[in-house]
Peer 1: 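I am attaching a structure below and will ask some questions about it afterwards.
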There are 2 protein chains.
Amino acid sequence: MSHTLGVRQAQKRRTRQALLDAALQLLAEQSLSSLGLREVTRAVGVAPTAFYRHFRDMADLGVALVEEALGSLHTALTALLSATGERAGEDDGEERIAATVELIAAYVRTHPAHVRFIAREQHGGVQAVRAAIGGQLALFAQEVKEQFAREPEAAGWAEDDLLMLAGMYVDHMVMTASALLEAEGDPEAAERVASTARRQLRLVGLGRRHWLDEH
Amino acid sequence: MSHTLGVRQAQKRRTRQALLDAALQLLAEQSLSSLGLREVTRAVGVAPTAFYRHFRDMADLGVALVEEALGSLHTALTALLSATGERAGEDDGEERIAATVELIAAYVRTHPAHVRFIAREQHGGVQAVRAAIGGQLALFAQEVKEQFAREPEAAGWAEDDLLMLAGMYVDHMVMTASALLEAEGDPEAAERVASTARRQLRLVGLGRRHWLDEH
DNA sequence: CCATGCAGTTAACAACTGTTCTCCGAGTTT
DNA sequence: AAACTCGGAGAACAGTTGTTAACTGCATGG
């Protein structure tokens with residue numbers, strides 16, 4: 001049951017969200033370390049000082065944006081893992097690959113600003129935000145690893161190697177999402193990126209299948 | 001023969017380089033889109049207006065930095081390609097892999113600021129700089145592809161697939177370099193990153209060797 | 001040796017920044 | 001119904017920013 005929180009608290013949450021939304025939009029064409037507090041409040045239509053009622057500074061707002069962005073991606077990722085996990089071993093992975101890339105593409109289409117923000121600030125100029133993104137992505141990798149461990153193909157694999165594999169998938173997902181973003185508005189370019197992503201996943205899958213071969 | 005360029009032109013080049021160096025240093029803790037022109041000239045000890053004698057704006061300086069950074073990396077990369085290309089097929093690739101990762105690590109140790117700049121601005125907030133980095137990396141991928149095409153393992157491969165493979169290697173190189181940078185000062189963490197990078201290269205190499213297998 | 005070119009300086013500008021302190025007024029609690 | 005809480009407004013602050021114009025002095029080419 002969701003508490004019907006009072007008029008006051010609801011209004012506070014609403015302007016807080018407005019600040020986040022405005023910041024995300026403004027970050028389409030600059031990076032967090034150059035985004036000013038006044039710039040954000042002006043876009044929302046609120047006094048500069050109101051900012052402090054919600055965030056200590058822009059780095060703080062940045063961390064909140066990370067949670068918002070990667071929270072929604074986490075939902076999508078969990079759905080993907082359970083959906084493709086069910087048909088593990090059913091085919092050579094070709095359908096799983098297509099489904100994975102399509103899910104990434106769909107996410108980029110519905111959350112372009114979030115994707116851009118994560119890609120941009122993953123190595124960006126604000127320490128706290130970098131740390132937040134890195135932590136969340138490491139968590140994702142951990143979940144992917146645990147899903148892999150549940151599948152029969154993982155028999156005989158070392159924990160370390162499973163995590164390495166999961167990390168490759170997560171990194172690849174972020175890179176593909178970013179590349180798809182750059183191809184926005186150009187369906188041909190987007191399909192080219194998707195095709196490359198699928199072939200890369202195929203290559204990694206091949207390596208995975210032969211990982212335990214003798215040499 | 002290097003023209004001993006006049007006193008005047010030499011001095012101009014010197015302050016230009018000083019501006020680039022100062023900017024690169026300041027970019028260790030912020031991103032390009034938040035770096036101010038006055039900040040850079042102040043660090044060099046020169047009047048703000050002197051900046052315009054060398055660059056139109058900060059984006060222009062950024063593009064110059066891309067050329068400086070990726071120029072030096074291009075030298076290192078070419079050395080690696082010819083060095084490992086010679087012993088293609090001699091072993092199972094294990095030595096090539098170790099040599100590749102060691103070269104990346106050495107480059108990160110000698111050019112940390114350049115690596116950080118490229119990683120940060122690859123998806124950063126300045127369009128022109130992103131384009132410059134993307135272009136240079138695509139060029140790298142092209143060169144790697146051509147090296148691969150020269151090796152016997154490439155027989156039967158489609159051009160597209162070779163470029164896809166080369167792209168994976170280039171992307172992986174940038175990610176590894178960036179990860180090594182974050183592990184700076186912690187030899188244990190650095191070795192962990194290097195180990196992961198080697199295993200990832202091994203995995204991709206396995207996929208490569210089985211790419212043309214029937215299914 | 002003199003006139004020209006040009007890297008760098010000085011001064012000034014309007015615009016903008018983050019942050020403080022003070023105040024208001026409406027939702028909440030008692 | 002009175003007292004209190006607290007999100008937001010307003011004004012002011014000392015600094016900062018990019019860009020302009022007009023200058024100075026020295027290396028250069030005729």
Side-chain angles (χ1 to χ4, degrees), chain A residues 2-27 29-65 121 124-129, chain B residues 2-27 29-65 121 124-129:
Chain A
S2 62
H3 254 140
T4 43
L5 58 175
V7 174
R8 194 162 196 165
Q9 203 164 342
Q11 173 61 22
K12 175 164 186 179
R13 274 216 324 180
R14 206 176 303 131
T15 58
R16 184 191 136 102
Q17 191 57 47
L19 288 169
L20 288 172
D21 292 349
L24 197 60
Q25 192 176 317
L26 289 165
L27 284 172
E29 287 172 2
Q30 61 188 308
S31 31
L32 186 64
S33 74
S34 74
L35 182 60
L37 157 172
R38 293 184 101 108
E39 206 173 340
V40 177
T41 56
R42 193 185 313 131
V44 173
V46 90
T49 50
F51 183 90
Y52 295 108
R53 301 288 182 196
H54 304 274
F55 306 102
R56 197 161 308 145
D57 49 25
M58 286 300 304
D60 194 21
L61 179 144
V63 172
L65 269 181
E121 302 303 330
V126 182
Q127 215 280 324
V129 172
Chain B
S2 64
H3 255 138
T4 43
L5 59 177
V7 174
R8 193 159 198 171
Q9 203 163 342
Q11 173 60 23
K12 174 164 186 179
R13 276 217 321 181
R14 206 175 303 131
T15 57
R16 185 191 136 102
Q17 191 58 46
L19 288 169
L20 288 171
D21 292 348
L24 196 60
Q25 192 177 318
L26 289 165
L27 285 172
E29 288 173 1
Q30 62 187 309
S31 33
L32 186 63
S33 75
S34 75
L35 181 60
L37 156 174
R38 294 184 102 107
E39 207 173 340
V40 176
T41 56
R42 192 185 313 130
V44 173
V46 90
T49 50
F51 183 90
Y52 295 108
R53 302 287 181 195
H54 303 276
F55 306 102
R56 197 161 307 146
D57 49 25
M58 286 300 303
D60 194 21
L61 179 143
V63 172
L65 269 180
E121 301 303 329
V126 183
Q127 215 280 325
V129 171

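Order of the sequence lines fixes the chain letters, A, B, ..., with proteins taken first and strands second; residue numbering starts at 1 for each chain. As the structure is a prediction and not an experimental result, all values here were calculated from the model.
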Peer 1: Within this structure, what is the CD-OG distance for the pair A/Gln30 and B/Ser34, rounded to the nearest 0.5 Å?
Peer 2: 9.5 Å
Peer 1: Are A/Leu65 and A/Leu27 close enough, and set up right, to give a side-chain contact (heavy atoms from CB on, under 4.5 Å), and what steps lead you there?
Peer 2: CA-CA 11 Å; A/Leu65 269 181; A/Leu27 284 172; 4.0 Å; yes
Peer 1: Between A/Leu61 and A/Leu19, which heavy-atom pair has the shortest distance, and what is it?
Peer 2: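 Scanning both residues, the minimum pair turns out to be CD1-O, 4.3 Å.
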Peer 1: Quick check against the 3.5 Å criterion: does B/Glu121 have a side-chain atom that pairs as donor or acceptor with the backbone of B/Leu32?
Peer 2: yes
Peer 1: Minimum heavy-atom separation for A/Leu20 and A/Ala64, please, with both atom names.
Peer 2: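 The pair with the smallest heavy-atom distance is CD2-CB, 4.0 Å.
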Peer 1: Should we say atom CD of B/Gln11 is surrounded by more than 12 heavy atoms from elsewhere, each under 6.0 Å from it?
Peer 2: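 Result for CD/B/Gln11: enclosed.
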Peer 1: Of B/Leu35 and B/Arg8, whose closest DNA chain D nucleotide lies nearer the 5' terminus?
Peer 2: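 Counting from the 5' end, the first nearest nucleotide belongs to B/Leu35.
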Peer 1: With a 4.0 angstrom cut-off to heavy atoms of chain A, pull out the first and last contacting nucleotide of DNA chain D, in 5'-to-3' order.
Peer 2: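 Under 4.0 Å from chain A, the extent on DNA chain D is D/dT5 to D/dA12.
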Peer 1: Surrounding CD of A/Gln17 (heavy atoms of other residues, nucleotides or ligands, distance under 6.0 Å), is the total greater than 12?
Peer 2: yes
Peer 1: Determine all donor-acceptor pairs shorter than 3.5 Å in which one atom belongs to a side chain in residues 50-60 of chain A; sequence neighbours excluded.
Peer 2:
from, atom 1, to, atom 2, distance (Å)
A/His54, NE2, A/Thr15, OG1, 3.2
A/Asp57, OD1, A/Ala59, N, 3.3
A/Asp57, OD1, A/Asp60, N, 3.0
A/Asp60, OD2, A/Arg56, N, 3.1

Peer 1: Quick one: closest heavy-atom pair of A/Leu26 and A/Ala43, and the distance?
Peer 2: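 Nearest heavy atoms, A/Leu26 then A/Ala43: CD1-CB, 4.2 Å.
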Peer 1: Using a strict heavy-atom distance below 4.0 Å, which residues from residues 36-53 of chain A are in contact with DNA chain D?
Peer 2: A/Arg38, A/Val46, A/Ala47, A/Thr49, A/Ala50, A/Arg53
Peer 1: What is the 5' to 3' range of DNA chain C, first to last nucleotide, that sits under 4.0 Å from any heavy atom of chain B?
Peer 2: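 On DNA chain C, the outermost contacted nucleotides are C/dG5 to C/dA12.
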Peer 1: Is there a residue in residues 56-65 of chain A whose heavy atoms reach under 4.0 Å of DNA chain D, and which residues are they?
Peer 2: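 Contacts with DNA chain D under 4.0 Å: none.
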Peer 1: Among residues 15-22 of chain B, which contact DNA chain C at a heavy-atom distance under 4.0 Å?
Peer 2: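 Residues of residues 15-22 of chain B under 4.0 Å from DNA chain C: B/Thr15.
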